[in-house]
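All residue numbers refer to positions in the sequence shown, counting from 1.
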Amino acid sequence: MDILPVILAKNLFFCYGVKRALKITSNSIKTCKMSIYTFGPLIHNPQVVRDLEGKGVKAVNNLRGIKEGILIIPAHGIAPQIINEAKAKGLRLIDATCPYVQRVKDLAKSLKDEGYQVIIVGDQGHPEVEGILGFIKEKAVVLTKSSQIRPAKIAKKVGVVAQTTQTLDNFQTIVRNLLKFTKELKVYNTICEETIKRQTSARRIAKVVDLMLVIGGKNSANTNRLAKICQEEVKTYHIEEAKELKAGWLKGKKRIGIAAGASTPDWIVKEVVNKVRSGK
Ligand code: SF4
């Protein structure tokens, strides 16, 4: 049987922040006797979260009923209100926030302290964005797309940051449009380098294949973004695991491209690659 040619995107496996969060958690599993919780999933990959659950790490959405133990702050961070609640309960906090996510919070706070109206280019309700909002303790404006700009609500001094997983295109478009409505604009490009590399590589591959497969959690912002980018170029399927792959998708295809989100484990990527290569 012919082996289907597969083109792999660069930076396929865990990113720096995800590796770091998993290492911190695995050290806690080895060294701590107490119950271990994460506020929300540690990373946005259901298979990894399930695996951690098997090792005793429970993802919770609130702290009700938790009286003791360790609370790990996930890679995308959490709002300070949750941190305060955990401290008040006497829980031990372990911070696995990615340093790049923390940088966005710090820059947003410095903008606020300098008197700028803070605008976050990001997804309303995403934990990272909620974390930034909580950190600066002020009503910042969250914009997902340029059409959401309300000129009357834009101040004379505006400071902009981006959720780490945004696309550069969207960020640039929003910044360009904000310029029309403000006198002073200070912009920090806080999109994570890793995100930009993955998006660039995925788009490049999507342009030269017949089909793209993007692997990663359906709840992962960066994977969803990758899938959207690829979809702009070629037919794309976003899958979490090899078992979702359908043989019909590959029929008649000459070249398949594969990209993966920053929280997708290598074993899932390898399974998908092997299944695609086998053409089954
Ligand atoms: S994608 Fe970037 S910001 Fe997000 S966890 Fe990975 S390294 Fe950190």
Side-chain donor or acceptor of [X] paired with backbone N/O of [Y] under 3.5 Å:
{"X": "N45", "Y": "T264", "answer": "no"}
{"X": "R92", "Y": "G69", "answer": "no"}
{"X": "S220", "Y": "G216", "answer": "no"}
{"X": "N177", "Y": "S146", "answer": "no"}
{"X": "T167", "Y": "N170", "answer": "yes"}
{"X": "T31", "Y": "N27", "answer": "yes"}
{"X": "K112", "Y": "I136", "answer": "yes"}
{"X": "E128", "Y": "T164", "answer": "yes"}
{"X": "Q117", "Y": "A155", "answer": "yes"}
{"X": "T173", "Y": "D169", "answer": "yes"}

> Hey, what's the ring geometry for H44 with H76, parallel, tilted or perpendicular (30° and 60° as the breaks)?
Replying inline: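 Ring orientation of H44 relative to H76: parallel.
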Output yes when [X] and [Y] qualify as a salt bridge under the 4.0 Å nitrogen-oxygen rule, no when they do not.
{"X": "K186", "Y": "E114", "answer": "yes"}
{"X": "E184", "Y": "K156", "answer": "no"}
{"X": "R198", "Y": "E194", "answer": "yes"}
{"X": "R225", "Y": "D123", "answer": "yes"}
{"X": "E244", "Y": "K218", "answer": "yes"}
{"X": "E271", "Y": "K243", "answer": "no"}

> Is it true that the NZ or CZ of K157 lies under 6.0 Å from the centre of Y116's six-membered ring and within 45 degrees of the ring axis?
Replying inline: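 Yes, a cation-pi geometry holds between K157 and Y116.
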> Honestly, is K270 close enough over F13, meaning NZ or CZ under 6.0 Å from the six-membered ring centre and within 45° of the axis?
Replying inline: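 Positive - K270 is close enough to the ring of F13 and near enough to its axis.
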Smallest separation among heavy atoms of [X] and [Y], with atom names:
{"X": "I205", "Y": "G257", "answer": "CG2-CA, 3.8 Å"}
{"X": "P74", "Y": "P41", "answer": "CB-O, 3.3 Å"}
{"X": "A262", "Y": "N222", "answer": "N-OD1, 2.8 Å"}
{"X": "V142", "Y": "G122", "answer": "CG1-O, 3.6 Å"}
{"X": "P5", "Y": "K254", "answer": "CD-O, 3.2 Å"}
{"X": "A79", "Y": "E130", "answer": "CB-O, 4.1 Å"}

To the nearest 0.5 angstrom, please state how far the [atom1] atom of [X] sits from the [atom2] atom of [Y].
{"X": "F135", "Y": "I83", "atom1": "CZ", "atom2": "CD1", "answer": "8.5 Å"}
{"X": "D95", "Y": "I78", "atom1": "CG", "atom2": "CD1", "answer": "8.0 Å"}
{"X": "I191", "Y": "Q199", "atom1": "CD1", "atom2": "CD", "answer": "7.0 Å"}
{"X": "L245", "Y": "I239", "atom1": "CG", "atom2": "CD1", "answer": "5.0 Å"}
{"X": "T165", "Y": "N224", "atom1": "OG1", "atom2": "CG", "answer": "9.5 Å"}
{"X": "R176", "Y": "I174", "atom1": "CZ", "atom2": "CD1", "answer": "10.5 Å"}

When you compare the side chain of [Y] with that of [X], does any pair of heavy atoms fall below 4.5 Å?
{"X": "E85", "Y": "K89", "answer": "yes"}
{"X": "V273", "Y": "R277", "answer": "yes"}
{"X": "T190", "Y": "R103", "answer": "yes"}
{"X": "V48", "Y": "L42", "answer": "no"}
{"X": "C192", "Y": "Y16", "answer": "no"}
{"X": "N11", "Y": "S201", "answer": "no"}
{"X": "I256", "Y": "I7", "answer": "no"}
{"X": "V160", "Y": "L185", "answer": "yes"}

Would a single hydrophobic cluster contain both [Y] and [X], if residues Ile, Leu, Val, Met, Phe, Trp and Tyr are joined by side-chain heavy-atom contacts under 4.5 Å?
{"X": "L91", "Y": "F39", "result": "yes"}
{"X": "L12", "Y": "I215", "result": "yes"}
{"X": "F181", "Y": "F171", "result": "yes"}
{"X": "M212", "Y": "Y237", "result": "no"}
{"X": "L143", "Y": "L179", "result": "yes"}

>> Under the criterion side chain to side chain contact (heavy atoms under 4.5 Å, CB included), I'd like the reasoning laid out for T38 against K58: C-alpha separation, chi angles, the key distance, then a yes or no.
In response: CA-CA 6 Å; T38 62; K58 201 168 169 208; over 6 Å; no
>> Using the rule given for side chain to side chain contact (heavy atoms under 4.5 Å, CB included), can you reason through L52 versus L22, listing the C-alpha separation, both sets of side-chain angles and the distance that settles it, and then say yes or no?
In response: CA-CA 9 Å; L52 286 172; L22 286 167; 4.2 Å; yes
Can you confirm whether [X] is buried at [atom1], in the sense that more than 12 heavy atoms of other residues, nucleotides or ligands lie under 6.0 Å from that atom?
{"X": "E68", "atom1": "CD", "result": "no"}
{"X": "K87", "atom1": "NZ", "result": "no"}
{"X": "K253", "atom1": "NZ", "result": "yes"}
{"X": "Y100", "atom1": "OH", "result": "no"}

>> Show, in sequence, the C-alpha distance, side-chain angles and deciding distance for L63 and L71, and conclude whether the side chain to side chain contact (heavy atoms under 4.5 Å, CB included) test is met.
In response: CA-CA 9 Å; L63 302 182; L71 183 72; 4.1 Å; yes
>> For E233 and R203: C-alpha separation, side-chain torsions, deciding distance, then whether salt bridge (charged side-chain N to carboxylate O under 4.0 Å, His left out) applies.
In response: CA-CA 7 Å; E233 306 293 341; R203 189 182 289 281; 2.7 Å; yes
>> Suppose we screen for side-chain contact (heavy atoms from CB on, under 4.5 Å). Which residues come up paired with A202, at least two apart in sequence or across chains?
In response: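 In terms of side-chain contact (heavy atoms from CB on, under 4.5 Å), with neighbours along the sequence ignored, A202 is linked to L226, C230, A259.
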>> With side chain to side chain contact (heavy atoms under 4.5 Å, CB included) as the criterion, how do I36 and I72 come out once you've worked through the C-alpha distance, each side chain's angles and the decisive distance to 0.1 Å?
In response: CA-CA 7 Å; I36 303 177; I72 300 182; 3.6 Å; yes
>> Checking Q102 against D106 for the side-chain hydrogen bond (donor to acceptor under 3.5 Å, both in side chains) test, could you report, in this order, the C-alpha distance in whole Å, the side-chain angles of both residues, the deciding distance, and whether it holds?
In response: CA-CA 6 Å; Q102 187 56 46; D106 294 338; 3.1 Å; yes
